[in-house]
Amino acid sequence: MGPLSSGIGRLYGRRGWAVLGACAAILFLLFPLANLALPKGSLFYISDYTIALTGKIMCYAIVAVAMDLIWGYTGILSLGHGLFFALGGYAMGMYLMRMIGREGQYQSDLPDFMVFLDWKDFPWYWSFTDQFWYAALLVVLVPGLLAFVFGFFAFRSRIRGVYFSIITQALTFAFMLLFFRNDTGFGGNNGFTDFKRILGFPIATSETRMALFMLTGAVLIAVLLAARYIVSSKFGRVLTAIRDAESRVMFSGYNPVHYKLAIWTASAVICGIAGALYVPQVGIINPSEMSPANSIEIAIWVAVGGRGSLVGAILGAGIVNFAKSWFTVAFPEYWLFFLGLLFILVTLFLPQGVVGAVDEIRKRRRERKPGQPRESAA
């Protein structure tokens with residue numbers, strides 16, 4: 001067995017790969033068949049709404065993995081990851097707006113909001129956004145460059161803890177206010193919406209939605225495996241050492257700034273990719289995605305699932321957002337109260353999250369098996 005094969009084998013054990021394979025089969029076989037092949041009256045038919053909702057939550061799960069890398073494994077609590085998610089979404093949204101062409105309300109080459117504001121031409125930063133490859137490049141570069149520049153100065157200045165969290169929240173809030181302005185060329189309060197097609201395919205058809213769903217699932221699995229590889233490597237062990245005792249890492253000859261800046265930038269890029277996948281499935285992007293409350297909610301996903309557990313981050317994003325989808329329909333006025341209560345309960349009674357609680361239960365069951373001591377030897 002070569003080094004690559006052995007490295008892949010170390011990511012997860014047999015059971016882990018089996019579970020991952022089962023999830024892939026559900027995403028790439030069961031969902032497409034149940035949505036596209038079965039008639040709508042069938043008991044096993046999965047509606048377009050369910051496909052869109054699950055695709056949206058998978059985008060959130062990608063963001064949760066990115067958040068876990070920087071918070072769960074490196075110990076840096078960011079309250080600005082919603083900004084990177086939104087910037088990736090806006091980069092893709094610019095391309096989708098250009099694809100509308102003359103099918104808008106005003107039948108102009110310009111987006112409707114630009115015609116309404118009496119703009120005569122695209123601003124310079126909209127150049128080449130009608131090319132998909134350029135939009136994909138922006139999805140990666142814009143969040144990545146912003147995170148790199150911000151992190152370079154913040155980490156070199158040794159800003160840590162709650163101060164770093166507050167600064168990232170302030171950065172997000174500043175960008176939200178900027179994008180709310182009509183003269184920035186990003187649609188103001190309404191943002192981008194009414195998309196027609198992507199890569200020449202109608203965006204509202206079941207086939208296109210399923211293709212986006214499957215692409216999102218593939219990216220989620222790829223991000224999970226890449227993150228697992230990172231945290232299992234020497235680089236990942238240095239990250240956890242920085243989380244537990246940064247001063248000792250410095251005394252050991254490592255420069256924590258380089259490691260923190262690298263994982264911070266990578267985490268921002270992952271969020272940007274998630275935002276780009278989110279926008280064509282949801283059909284809208286506006287400055288509310290940059291709300292500091294959204295970034296706080298991302299941290300809650302990871303806390304609920306379990307910090308320092310990549311699977312826990314995905315599980316937390318799923319639990320919270322499926323609950324949100326139900327609560328905002330059944331009891332919309334109580335959702336924020338429930339979210340706050342959930343965070344308090346998890347903090348008090350499940351400090352390691354759902355995954356940590358499950359691991360603790362398994363550990364106690366193993367200790368109570370007959371023929372084994374109830375307490376492990378010292």
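Residues: numbered from 1 along the sequence shown. Keep in mind that what you see is a predicted model, and the values were worked out from it rather than measured. Heavy atoms only: backbone and side chains are in, while hydrogens, waters and symmetry mates are out.
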Does Thr50 reach the main-chain N or O of Ile46 with its side chain, forming a donor-acceptor pair under 3.5 Å?
no
Flag yes if more than 12 heavy atoms outside Phe235 fall under 6.0 Å of its CZ atom; otherwise flag no.
yes
Ala86 and Met290: which non-hydrogen atoms are nearest, and at how many Å?
CB-CG, 3.5 Å
Is it the case that more than 12 heavy atoms not belonging to Glu333 sit under 6.0 Å from its CD atom?
yes
Evaluate Thr172 against Leu79 for side-chain contact (heavy atoms from CB on, under 4.5 Å), listing each step before the verdict.
CA-CA 8 Å; Thr172 303; Leu79 297 181; over 6 Å; no
Checking Ser291 against Ser288: is there a side-chain donor and acceptor pair closer than 3.5 Å?
no
Less than 4.0 angstrom from a charged side-chain N to a carboxylate O is my criterion; do Glu246 and Arg158 meet it?
no
Is a side-chain donor-acceptor pair under 3.5 Å present for Ser295 with Gln169?
no
State which residue, out of Leu220, Leu225, Val219, Ile221, fulfils the side chain to side chain contact (heavy atoms under 4.5 Å, CB included) condition with Val223.
Val219
For Phe122, is the CZ atom crowded, meaning more than 12 foreign heavy atoms sit under 6.0 Å from it?
yes
Would you kindly say whether Thr129 and Arg98 are connected by a side-chain donor-acceptor distance under 3.5 Å?
yes
In terms of ring plane angle, is the pair Phe155 and Trp264 parallel, tilted or perpendicular, where the classes change at 30° and 60°?
perpendicular
Would you say CZ of Phe201 has more than 12 non-hydrogen atoms from neighbouring residues, nucleotides or ligands within 6.0 angstrom?
no
Is the closest side-chain heavy-atom distance between Met99 and Ile203 below 4.5 Å?
no
What do you reckon, is CZ of Phe128 surrounded by more than 12 foreign heavy atoms closer than 6.0 Å?
no
Any non-hydrogen side-chain atom of Met214 less than 4.5 Å from a side-chain atom of Pro32?
yes
Is the closest side-chain donor-acceptor distance between Asn190 and Asn286 under 3.5 Å?
no
Within-4.5 Å side-chain heavy-atom neighbours: Ile270 and Ile62
yes
Considering only heavy atoms from C-beta outward, does the side chain of Trp326 approach that of Phe331 to under 4.5 Å?
yes
Verdict with reasoning, Trp301 to Phe322, per ring-ring contact (aromatic ring centres under 6.0 Å, His included)
CA-CA 11 Å; Trp301 302 343; Phe322 274 115; over 10 Å; no
May I have the step-by-step check of ring-ring contact (aromatic ring centres under 6.0 Å, His included) for Phe186 and Tyr125, ending in yes or no?
CA-CA 11 Å; Phe186 295 108; Tyr125 45 86; 5.5 Å; yes
Give the C-alpha distance, both sets of side-chain angles, the deciding distance and a yes or no for side-chain contact (heavy atoms from CB on, under 4.5 Å) between Leu138 and Leu87.
CA-CA 9 Å; Leu138 290 180; Leu87 288 176; over 6 Å; no
Show, in sequence, the C-alpha distance, side-chain angles and deciding distance for Leu77 and Phe164, and conclude whether the side-chain contact (heavy atoms from CB on, under 4.5 Å) test is met.
CA-CA 8 Å; Leu77 175 58; Phe164 184 87; over 6 Å; no
Which is it for Tyr278 and Tyr60 under the ring-ring contact (aromatic ring centres under 6.0 Å, His included) test, yes or no, and what are the steps along the way?
CA-CA 8 Å; Tyr278 171 88; Tyr60 291 152; 5.6 Å; yes
Dump the intermediate steps for salt bridge (Lys or Arg N to Asp or Glu O under 4.0 Å) on Arg102 and Asp109, then the final yes or no.
CA-CA 5 Å; Arg102 291 182 172 269; Asp109 290 327; 3.3 Å; yes
After noting the C-alpha distance and the side-chain angles of Ile273 and Val269, does the key distance pass the side-chain contact (heavy atoms from CB on, under 4.5 Å) rule?
CA-CA 6 Å; Ile273 294 172; Val269 169; 4.2 Å; yes
Which heavy-atom pair separates Val139 from Gly272 by the least distance, and what is that distance?
CG1-O, 3.4 Å
Taking the side chain as C-beta and beyond, is there a heavy-atom pair between Phe113 and Met97 under 4.5 Å?
yes
Closest non-hydrogen atoms of Ser206 and Leu36, given as atom of the first, atom of the second and distance, are CB-CD2, 3.9 Å
Note: Asn182 and Gly188 closest approach over all heavy atoms is OD1-CA, 3.5 Å
Would you say OH of Tyr254 has more than 12 non-hydrogen atoms from neighbouring residues, nucleotides or ligands within 6.0 angstrom?
no
Which heavy atom of Phe338 sits nearest a heavy atom of Ala323, and at what distance?
CE2-CB, 4.2 Å
Is the closest side-chain heavy-atom distance between Cys59 and Thr216 below 4.5 Å?
yes
Set of residues satisfying side-chain contact (heavy atoms from CB on, under 4.5 Å) with respect to Ser325, sequence neighbours excluded
Leu53
Examine Leu38 and Leu27 and state if one hydrophobic cluster contains both, with Ile, Leu, Val, Met, Phe, Trp and Tyr joined whenever side-chain heavy atoms are less than 4.5 Å apart.
no
Pairing donors with acceptors under 3.5 angstrom, does anything connect the side chains of Glu289 and Tyr90?
no
Contact summary for Tyr45 and Asn35, nearest pair of heavy atoms:
CE1-O, 3.3 Å
More than 12 non-hydrogen atoms from neighbouring residues, nucleotides or ligands closer than 6.0 Å to CZ on Phe148, yes or no?
no
Answer yes or no: is there a donor N or O on one side and an acceptor on the other, between the side chain of Thr265 and the main chain of Ala262, under 3.5 Å?
no
Less than 6.0 angstrom from the centroid, inside 45 degrees of the normal: does Arg237 satisfy that with respect to the ring of Tyr73?
no
